[in-house]
Amino acid sequence: MRLRDLLLEVDETQFHDNPLFQQLRRVESEYGINLRIHVRRSGGHVIVTNVHVGSLGDILAGILEVAPDVHLSNEQLLLEILKEMSREGFTETETADFWDEMKDISKAKIIR
């Protein structure tokens, strides 16, 4: 399953107040064929990796690889991914600047 598929499978009403979810629903998938988004457990925590590379379109095309010991509903899985992609520790200005850069495909490809 790709992140785009997960976004389309969850109950949208549960994420109506999540701006990142709304943004991801509007973005079209791009390349990302080899991108793997890893979800695993470590020390009782869910760890999500590989969601901070490329453009949003690339991330949407990423294939989710969920470890066998991670038992989450689709909504819980998406919430963990959104939390990892969110602005934890960043100011509003830094966050806005980051997403502006990531929405601009030409800039996002330079970042890679």
Side-chain angles (χ1 to χ4, degrees):
M1 173 187 305
R2 296 184 184 278
L3 180 54
R4 165 57 92 203
D5 302 326
L6 180 62
L7 284 164
L8 296 175
E9 283 188 18
V10 298
D11 179 4
E12 188 175 351
T13 61
Q14 292 187 28
F15 297 93
H16 67 69
D17 61 346
N18 186 308
L20 180 53
F21 175 82
Q22 300 303 325
Q23 178 66 38
L24 289 170
R25 291 279 296 218
R26 288 190 298 271
V27 173
E28 291 296 321
S29 294
E30 292 173 12
Y31 308 106
I33 292 172
N34 296 319
L35 177 68
R36 301 288 193 259
I37 298 170
H38 299 279
V39 182
R40 61 185 173 83
R41 283 205 183 273
S42 178
H45 300 281
V46 176
I47 308 296
V48 178
T49 56
N50 285 351
V51 292
H52 298 287
V53 294
S55 68
L56 290 180
D58 287 351
I59 293 168
L60 283 175
I63 296 172
L64 298 174
E65 292 187 354
V66 180
D69 64 331
V70 176
H71 304 287
L72 300 171
S73 69
N74 282 349
E75 285 77 12
Q76 292 168 318
L77 177 60
L78 181 58
L79 188 58
E80 291 293 335
I81 292 169
L82 293 175
K83 188 167 60 172
E84 178 61 30
M85 292 177 72
S86 71
R87 63 182 182 93
E88 307 255 337
F90 294 98
T91 67
E92 292 289 330
T93 303
E94 290 170 328
T95 302
D97 290 346
F98 174 79
W99 289 116
D100 285 345
E101 295 277 322
M102 291 303 278
K103 288 186 276 185
D104 182 337
I105 189 71
S106 64
K107 290 181 182 178
K109 293 203 181 300
I110 292 169
I111 292 170
R112 281 192 276 182

Once you round to the nearest 0.5 Å, how far does [atom1] of [X] lie from [atom2] of [Y]?
X	Y	atom1	atom2	value
Asn74	Met1	CG	CE	5.0 Å
Leu3	Leu78	CG	CG	7.0 Å
Phe15	Leu20	CZ	CG	10.5 Å
Glu84	Ile37	CD	CD1	10.5 Å
Thr49	Arg40	OG1	CZ	6.5 Å
Ile81	Gln76	CD1	CD	12.0 Å

Q. Quick one: does Gln23's side chain have a donor or acceptor within less than 3.5 Å of a partner on Asn18's backbone?
A. no
Would you please name every residue forming a salt bridge (charged side-chain N to carboxylate O under 4.0 Å, His left out) with [X], sequence neighbours left out?
X	value
Glu65	Arg36
Arg41	none
Glu12	Arg25

Do you know which two heavy atoms are closest between [X] and [Y], and how far apart they sit?
X	Y	answer
Glu75	Val10	OE2-CA, 3.6 Å
Val39	Val48	CG2-CG2, 4.3 Å
Arg2	Leu60	CB-O, 3.9 Å

Q. Considering only heavy atoms from C-beta outward, does the side chain of Val46 approach that of Lys83 to under 4.5 Å?
A.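 Val46 vs Lys83: side chains apart.
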Q. How about Leu72 and Val66: do any of their side-chain heavy atoms sit closer than 4.5 Å?
A. no
Q) For the hydrophobic clusters of this structure (ILVMFWY residues joined by side-chain heavy atoms under 4.5 Å, transitively), does one cluster hold both Ile47 and Leu82? A)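 As far as the 4.5 Å side-chain criterion goes, Leu82 and Ile47 are not connected within one cluster.
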**Q.** Steps toward side chain to side chain contact (heavy atoms under 4.5 Å, CB included) verdict (Met85, Leu24)
**A.** CA-CA 11 Å; Met85 292 177 72; Leu24 289 170; 4.2 Å; yes
